[in-house]
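All remarks here apply to the structure that follows.
Since the model is a prediction, treat every value here as computed from it, not as a measurement. In listed order, ligands and their atoms are each counted from 1. Just so you know, these numbers use all the heavy atoms, side chains as well, and skip hydrogens, waters and symmetry mates.
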Amino acid sequence: MKIGIFDSGLGGLWTMKSIVKELPDYDYVYLGDTKRLPYGNRSHETVYEFLCEGLTYLLKEKDCKIVVVACNTASAEAVSRARREFLPKKFPDRYVFGMILPTAEEAVQFRRVGIIATRGTISSNVYPKVIKKLNPKTKVFQLATPLLVPLIENDGSTFITEAVRDYLKPFATKKIDALVLGCTHYPIIKRTIRKFLPKNVAIISQDEFIPDRILLWLADHPSVETGLSKNKKREFLVTDITPHFKKLAKVWFGKNLKLTKVSLG
Ligand code: DGL
């Protein structure tokens, strides 16, 4: 059986790249819902529906034992509900690994934490809730930064610098000591973000700790780990292909990547 990686689009390729680097032997299937991207501005109900369709495809058609939901918006709004309602009914022997808890566990090592993410992730309020539960002393300041994803996807580098500068301004007075990059795309502009943060502010970036967390999870679930196939196969599925998506995917993951179009729902 394989490891699935789900995202609303192609940003999750960055998360996948870091996972594959640390855990190269397993077989992976990436599924990006490019047809319905972005998820960040959609309702919670719709994101839940889309996530369940993506999970069904990966668990049923692609025989994945575990799906890593790289998309923060889907992790924030829909992963716990899918674990409560969808998995027990439809796929009781499969697992879904979301971004929120591992990221919150990194965040609670700090006292004053800023979070940037899509509107959907921020309005779900799930990061502050989970962080407060883990450590009531950690203060959380969150901000929706909806312009970043479209700029990153459209080579808007000159505008990105200005957008990042502007978005990060309010955090200066909050005296944060760490900033969570709560979106698949933000590690791509980590260097720009670094430029506008004081040196003592740590950046919490999922590409840097999610692979370790998956490694630990697999070590804690030996029966799952032994059932995973290890032929170094990678498959890249999307729900829509355009020349721009093709180009972006190659730039973000490597020139040998081949996208295959599939239908969900
Ligand atoms: N993948 C989404 C996330 O991490 C960003 C793109 C979108 O809005 O769908 O929140």
Side-chain angles (χ1 to χ4, degrees), residues 4-19 30-55 58 67-82 96-104 106-107 114-128 130 142-156 160 163-164 167 179-190 193 203-210 213 236-240 242 244-245 248-249 252-253 264:
I5 300 192
F6 179 75
D7 185 34
S8 54
L10 297 171
L13 285 172
W14 278 77
T15 319
M16 176 164 175
K17 197 148 79 172
S18 64
I19 297 170
Y30 182 89
L31 174 60
D33 193 5
T34 44
K35 188 172 177 177
R36 304 187 289 197
L37 174 86
Y39 282 13
N41 299 320
R42 292 188 186 272
S43 72
H44 297 224
E45 197 54 39
T46 297
V47 172
Y48 177 69
E49 219 175 87
F50 290 175
L51 174 68
C52 291
E53 287 175 13
L55 290 178
L58 287 167
V67 176
V68 177
V69 178
C71 179
N72 278 251
T73 309
S75 293
E77 300 182 17
V79 161
S80 358
R81 186 171 163 200
V96 175
F97 188 102
M99 294 295 113
I100 307 302
L101 184 62
T103 307
E106 292 289 315
I115 298 174
I116 52 172
T118 63
R119 273 195 228 283
T121 302
I122 298 300
S123 71
S124 76
N125 218 29
V126 73
Y127 270 125
V130 175
Q142 52 168 5
L143 182 74
T145 49
L147 291 178
L148 297 183
V149 167
L151 286 175
I152 294 166
E153 294 210 337
N154 293 288
D155 289 336
I160 288 172
V164 169
Y167 277 141
L179 180 74
V180 170
L181 310 187
C183 173
T184 45
H185 290 58
Y186 300 170
I188 304 170
I189 54 163
K190 211 188 297 182
I193 293 173
I203 292 181
I204 299 177
S205 185
Q206 287 158 355
D207 57 322
E208 292 172 19
F209 60 86
I210 289 296
R213 300 300 300 252
F236 298 91
L237 312 176
V238 286
T239 49
D240 191 21
T242 64
H244 182 63
F245 284 149
L248 214 53
W252 287 355
F253 199 88
L264 305 182

Problem - With F50 via ring-ring contact (aromatic ring centres under 6.0 Å, His included) - residues at least two apart - result: Y39
Exercise for the section: Run the numbers for me: atoms of ligand 1, each under 4.0 Å from some heavy atom of T73, listed by number. Expected result: 2 (C), 3 (C), 10 (O)
Exercise for the section: Kindly state each residue pair satisfying side chain to side chain donor-acceptor pair (under 3.5 Å) with at least one member in residues 7-17, sequence neighbours excluded. Expected result: none
Exercise for the section: Taking the six-membered ring for Trp and the full ring for Phe, Tyr or His, determine whether the centres of Y30 and F253 are under 6.0 Å apart. Expected result: no
Problem - T121-ligand 1 polar pair, N/O distance under 3.5 Å - result: no
Problem - OG1 on T118 to CG on L148, rounded to 0.5 Å - result: 11.0 Å
Practice task
Would you indicate whether R81, at its atom CZ, is surrounded by more than 12 heavy atoms from other residues, nucleotides or ligands within a distance under 6.0 Å?
Solution key: yes
Exercise for the section: With salt bridge (charged side-chain N to carboxylate O under 4.0 Å, His left out) as the test, would you mind laying out the steps for E49 and R36 before giving the verdict? Expected result: CA-CA 12 Å; E49 219 175 87; R36 304 187 289 197; over 6 Å; no
Completion exercise
At under 4.0 Å between heavy atoms, what of N41 touches ligand 1? The answer is neither
Practice task
Using a strict 4.0 Å cut-off to heavy atoms of L37, name the atoms of ligand 1 that fall inside it.
Solution key: 9 (O)
Fill in the blank from the handout: If you scan protein heavy atoms around atom 6 (C) of ligand 1, the nearest is S8 OG, 3.6 Å
Exercise for the section: Decide whether the shortest distance between a heavy atom of C183 and an atom of ligand 1 is less than 4.0 Å. Expected result: yes
Problem - Proximal atoms of ligand 1 relative to D7 (non-hydrogen, under 4.0 Å) - result: 1 (N)
Practice task
Kindly confirm or rule out an N or O of H185 lying under 3.5 angstrom from an N or O of ligand 1.
Solution key: no
Problem - Nearest atoms (heavy-atom pairs only) where E106 meets I204 - result: CB-CG2, 3.8 Å
Handout entry: Heavy atom of the protein closest to atom 8 (O) of ligand 1 (residue, atom name, distance)
Key = G40 N, 2.9 Å
